[in-house]
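Just so you know, ligand 1 is whichever comes first in the structure, and atom 1 is the first atom listed for that ligand. Numbers here are sequence positions counted from 1. This one's a predicted model, so the numbers in the text were calculated from it and none came from an experiment.
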Amino acid sequence: MDTKKPILISGIQPSGQLHLGNYLGALKNFVELQNSGKYRCYFFVADLHSLTEDYEPKEKPKQVLDLALSYLAAGIDPKKSTIFVQSAIPAHAELTWILNIITPLGELRRMTQFKEKSKTGAESANVGLFDYPVLMAADILLYGAKYVPVGEDQLQHLELTRTLARKFNAKFPARAGGGKTFVEPQSLLTKVPRLMSLDDPTKKMSKSRPAGCLFLDDSPAAIREKLARATTDSGKEVRYAPDTKPGISNLLKIHEALSSEALQLTVARYKNKGYAEFKRDLAETVIKALAPFQAKKKTLKAPAFACLPAEALAQAGLRTGRQNSKLKAILAAGNKKANAVAEKKLAEVKERVGLF
Ligand code: TRP
């Protein structure tokens with residue numbers, strides 16, 4: 001790997017199925033950034049973050065592996081990028097603790113995401129939810145990342161990361177000759193379409209409203225049915241007017257995001273054709289767009305891939321199981337690589353703050 005290229009890092013929480021909004025907003029973008037060849041990329045499964053919300057312990061390992069599988073199926077290539085699992089790298093939690101010491105309570109209290117997620121009462125919200133942005137800062141700072149592709153909702157967390165980096169560097173300067181401990185990261189914001197829920201186009205597409213989501217793993221039949229049922233508006237003209245026709249406008253946006261056709265051309269094509277036909281055609285567009293992802297995921301899951309490099313698994317302390325063993329080997333390798341980088345940074349941090 002070219003050590004001169006800037007480092008880029010991002011993660012997604014494993015908490016249920018990914019939907020089209022996640023794909024267009026994160027995964028697709030990760031793959032493009034990787035393939036640009038301009039960065040040394042790290043992509044991880046933010047499982048520690050995902051524990052801050054209600055979950056079923058039995059489901060978590062499956063969710064972690066499924067997200068990693070989705071990374072690969074979308075085109076993240078372990079030969080080009082480091083793919084790892086957050087909880088497999090102890091340094092994330094350790095650095096979080098150290099950063100906690102320089103994080104003012106007030107900064108965390110004004111985080112929009114915390115305020116939203118603790119709506120039912122900040123007093124009963126778990127401390128992990130409160131500390132979420134500090135863990136995120138640790139994720140980023142451990143790897144010396146210069147760039148962090150995130151959605152708009154994470155910009156405030158990134159700003160905090162920058163503040164903490166600056167504060168740490170000032171408060172715990174290196175000995176003469178040593179460089180700064182942390183790099184101040186920048187966000188890489190991409191313009192992503194804001195997809196709305198199919199069953200209520202005034203709400204964002206979100207896994208908390210499954211009926212309104214197009215999931216990346218949905219079967220063609222499910223996609224056809226969800227789109228046939230999608231809420232549309234009064235009238236029957238296929239036209240883009242988000243304020244007065246939010247339903248059909250959302251479907252037009254989905255079409256635009258997945259096809260190479262400009263929105264106005266689609267509108268022109270469906271002049272005099274009505275909603276039903278557009279919805280039927282859109283279903284086929286979605287099915288076609290997801291097909292390569294779904295096919296790749298299936299292949300990666302197939303038992304044919306279970307012919308495992310047993311030593312690699314044993315080395316990583318994993319049992320040799322047939323299911324997903326190739327995937328586990330990829331993660332074991334990624335974890336090992338990430339751990340070496342993170343441990344090195346943590347050792348530097350510990351020395352600077354006065355720990356053995
Ligand atoms: N909080 C991010 C989200 O929900 C996920 C995340 C955790 C992340 N750690 C990160 C993203 C570090 C970028 C870098 O989208």
Query raised in the report: For ligand 1, is there an N or O atom under 3.5 Å from any N or O atom of Tyr132?
Result: yes
Query raised in the report: For ligand 1, is there an N or O atom under 3.5 Å from any N or O atom of Gln154?
Result: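 Checking ligand 1 against Gln154, an N or O pair does fall under 3.5 Å apart.
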Query raised in the report: According to the interplanar angle, ranging from 0 to 90°, do the rings of Phe278 and Tyr270 count as parallel (below 30°), tilted (30 to 60°) or perpendicular (above 60°)?
Result: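 Ring orientation of Phe278 relative to Tyr270: perpendicular.
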Taking heavy atoms and a distance under 4.0 Å, where does [X] meet ligand 1: side chain, backbone, both or neither?
X: Ile140; answer: side chain
X: Val150; answer: side chain
X: Ile12; answer: neither
X: Gln13; answer: side chain
X: Tyr42; answer: neither

Query - Salt-bridge contact Glu348-Lys344 (side-chain N to carboxylate O under 4.0 Å) - result: no
Any luck finding a side-chain donor-acceptor pair between [X] and [Y] under 3.5 Å?
X: Ser197; Y: Lys204; result: no
X: Gln86; Y: Asp139; result: yes
X: Ser87; Y: Asp47; result: yes

**Report entry** Atoms in ligand 1 flagged as close to His49, the criterion being non-hydrogen separation under 4.0 Å
**Finding:**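 Near His49, meaning under 4.0 Å from one of its heavy atoms, ligand 1 has 7 (C), 9 (N).
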Report task. Please could you name the atoms of ligand 1 that Val148 approaches to less than 4.0 Å, counting only its heavy atoms? Result ->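 Listed by number with element: 13 (C), 14 (C).
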Query raised in the report: So is Lys117 actually on top of Tyr132's ring, under 6.0 Å and inside 45° of the axis?
Result: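 Ring-cation test returns yes.
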Query raised in the report: Within 45 degrees of the axis of the six-membered ring of Tyr55 and under 6.0 Å from its centre: does Lys60 put its NZ or CZ there?
Result: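 Because its charged atom sits under 6.0 Å from the ring centre and within 45° of the axis, Lys60 does stack over Tyr55.
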**Report entry** Shortest protein contact, atom 9 (N) of ligand 1 (heavy atom only)
**Finding:** Asp139 OD2, 2.6 Å
Query raised in the report: Among protein heavy atoms, which sits nearest to atom 5 (C) of ligand 1, and what does the distance come to when rounded to 0.1 Å?
Result: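 Answer for atom 5 (C) of ligand 1: Gly11 O, 3.5 Å.
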Query raised in the report: Checking ring-ring contact (aromatic ring centres under 6.0 Å, His included) for the pair Tyr39/Phe30: CA distance, chi angles, key distance, verdict?
Result: CA-CA 11 Å; Tyr39 313 99; Phe30 291 178; over 10 Å; no
